[in-house]
Amino acid sequence: MLVDAYQRPIKDLRISVTDRCNFRCSYCMPLDHYEWIDKKEILTFEEITRFAKLAIELGVEKIRLTGGEPLVRQDLPLLIEKLAALEGLHDLCLTTNGALLGERVQALKQAGLRRVNISIDTLDAEKFKQMTKRGDLDKVLEGIFAAKDAGLAPIKLNAVVERGVNDDDIIPLVEFSREHGFAMRFIEYMDVGNSNNWTSAKLVSKKEIIEKIHSRYALREIGRDQGSAPSVDYEFADGRGDIGVIASVTEPFCGSCTRLRLTADGKIVTCLFSQLGHDVKGLMRGGATDEEVRTFLSSIWQKRTDRYSDERLTALNSASYYPKNHRKIEMISLGG
């Protein structure tokens, strides 16, 4: 089993298939102007599949496709079909903003997609437009229900919670998910990338989120799926579903992180908050054998010492944390 410097195994691979996105969410890509990755630098489906196969041979069991917005990548079902056929892959998921899902979900399901995570930060149409700068809530809702009708399961809804922005949407989102049988996941507002002007004043902690929900609907803690999932999950005492909270800021889970990331332009990244990536595209396009690529990936993972969220919490508690002092890869090119 391939493990890193802290004995964390490699199990999950998150693949960004594009840095393009049809939204401009404030916590991810608050920029109207962005220097897009040149299309010739984006990994081909064949290159992505080759890397995924080698990662699976080293221990990866789950793959999640991200972006940018993955559904703006042309012919995405062709990639899903290639990945779904890989021996040893136990789970294949897509994270999307849902805006294009309604028109494409059948092709995705037929290609082998098993489940989907959909971002939806509010059920207020005007607020939704403000938060995404160009999103149409009706199209996202259409995509959510199309995924349900197509039989994708489970369907998880993700909401990043910002104080003074959408913290009053927590209960409406909980009630929506309970009514329709979706699993709701709330995410603490994080200092991803360098452009979102993160401040702890806008953070709504996991503790606050759970207390707000529990005051309306009694909860029982389940814990982290398989002990390593980013979300701490809770079930409703009345049996009507579950919710979870990803608390990277206030309750870091670096010690159990098993996630490897591959950027759209072929960089291996070992942490969501990394400052740099390792160029595997150049290796593959330069004629490297499978064994050479495996050795390259193994070496990177074995040296992995990332524990950024643990370090951030320590700095926050000592009032010595300044996010702009730590340059990070932008979320739009890295994926969630």
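Scope of the values below: all heavy atoms of this structure, side chains included, with no hydrogens, waters or symmetry mates.
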Query - Shortest non-hydrogen contact between L89 and L83, atoms and distance - result: CD2-O, 3.4 Å
Query raised in the report: Would you find a donor on one side and an acceptor on the other, under 3.5 Å apart, between the side chain of S299 and the backbone of F296?
Result: no
Query raised in the report: Which value, rounded to the nearest 0.5 Å, describes the distance between S248 atom OG and E188 atom CD?
Result: 7.5 Å
Requested in this report: Measure the shortest side-chain to side-chain distance between L137 and D124 over non-hydrogen atoms and say whether it is less than 4.5 angstrom.
Outcome: no
Report task. Look up atom CG in N317 and atom OG1 in T250, then write down how far apart they are to the nearest 0.5 Å. Result -> 10.0 Å
Query raised in the report: Side chains of R64 and T95: is there a donor and an acceptor less than 3.5 Å apart?
Result: yes
Query raised in the report: Would you find a donor on one side and an acceptor on the other, under 3.5 Å apart, between the side chain of K206 and the backbone of V232?
Result: no
Requested in this report: List the steps and the verdict of side-chain contact (heavy atoms from CB on, under 4.5 Å) for V60 and F51.
Outcome: CA-CA 11 Å; V60 163; F51 181 84; over 6 Å; no
Query raised in the report: Using 4.0 Å as the upper bound for N to carboxylate O, is an ion pair formed by R50 and E47?
Result: no
Requested in this report: Compare every heavy atom of A147 with every heavy atom of I155, then report the nearest pair and how far apart it is.
Outcome: CD1-C, 3.6 Å
Query raised in the report: Is there a donor-acceptor contact under 3.5 Å from the side chain of R8 to the main chain of C254?
Result: yes
Report task. Could you tell me whether K11 and E61 have a side-chain N and a carboxylate O separated by less than 4.0 Å? Result -> no
Query raised in the report: Between T263 and D265, do the side chains contain an N or O donor and an N or O acceptor separated by less than 3.5 Å?
Result: yes
Requested in this report: If the plane angle is over 60° it's perpendicular, under 30° parallel, otherwise tilted; pick one for F236 and Y217.
Outcome: perpendicular
Report task. Taking atom CD of Q74 as the centre, report whether more than 12 heavy atoms of other residues, nucleotides or ligands fall under 6.0 Å from it. Result -> no
Report summary line: So CG of L283 and CZ of R285: to nearest 0.5 Å the spacing works out to 12.5 Å
Could you pull out all donor-acceptor pairs under 3.5 Å where a side-chain atom in residues 102-111 meets a protein atom, sequence neighbours excluded?
from: R104; atom 1: NH1; to: L71; atom 2: O; distance (Å): 2.2
from: K109; atom 1: NZ; to: A150; atom 2: O; distance (Å): 2.8

Query raised in the report: For E221, does the CD atom have more than 12 heavy-atom neighbours from other residues, nucleotides or ligands under 6.0 Å away?
Result: yes
Query raised in the report: About how many Å separate CG of L272 and CZ of R259, when rounded to the nearest 0.5 Å?
Result: 9.5 Å
Report summary line: Closest non-hydrogen contact found for A5 with T305 is CB-CG2, 3.7 Å
Query - Sub-4.5 Å side-chain heavy-atom contact between Y189 and V249 - result: no
Query raised in the report: Do the side chains of M184 and V116 join up, straight or via other hydrophobic residues, at under 4.5 Å, putting them in one cluster?
Result: yes
Query raised in the report: Between D238 and R240, is there a salt bridge with N-O shorter than 4.0 Å?
Result: no
**Report entry** Straight-line distance of D121 CG to F23 CZ, nearest 0.5 Å
**Finding:** 9.5 Å
Query raised in the report: If only atom types and distance count, is the side chain of R73 paired as donor or acceptor with the main-chain N or O of V17 below 3.5 Å?
Result: yes
Requested in this report: Would you indicate whether the side-chain heavy atoms of M131 and F128 approach each other to under 4.5 Å?
Outcome: no
**Report entry** Side-chain donor/acceptor of H278 to backbone N/O of I268, under 3.5 Å
**Finding:** no
Report summary line: Only residue of N166, T132, D168 satisfying side-chain hydrogen bond (donor to acceptor under 3.5 Å, both in side chains) with K127 is D168
Requested in this report: Run the numbers on T49 and L79 for side-chain contact (heavy atoms from CB on, under 4.5 Å), then give the verdict.
Outcome: CA-CA 8 Å; T49 304; L79 174 61; 3.7 Å; yes
Report summary line: Closest heavy-atom pair, D167 versus K212, reported as atoms and distance to 0.1 Å, is O-NZ, 3.2 Å
Report summary line: Rounded to the nearest 0.5 Å, the CD atom of E292 sits from the CE atom of M284 at a distance of 13.0 Å
Query raised in the report: Is there a donor-acceptor pair under 3.5 Å between the side chain of R20 and the backbone N or O of I37?
Result: yes
Query raised in the report: Do R185 and D242 sit within salt-bridge range, that is, some charged N less than 4.0 Å from a carboxylate O?
Result: yes
Report task. Using salt bridge (Lys or Arg N to Asp or Glu O under 4.0 Å) as the criterion, point out the one residue from R115, K62, R114 that pairs with D91. Result -> R115
**Report entry** The single option from T18, N22, T96 passing side-chain hydrogen bond (donor to acceptor under 3.5 Å, both in side chains) against E69
**Finding:** T96
Query raised in the report: With hydrophobic residues grouped by side-chain heavy-atom distances under 4.5 Å, do L78 and L43 end up in a single group?
Result: yes
**Report entry** Contact check, side chains of L203 and R163, non-hydrogen atoms, under 4.5 Å
**Finding:** no
Query raised in the report: With a 4.5 Å heavy-atom cut-off, do V245 and E251 have their side chains touching?
Result: no
Query raised in the report: Is it true that a side-chain atom of E208 and a backbone atom of S205 form a donor plus acceptor pair closer than 3.5 Å?
Result: yes
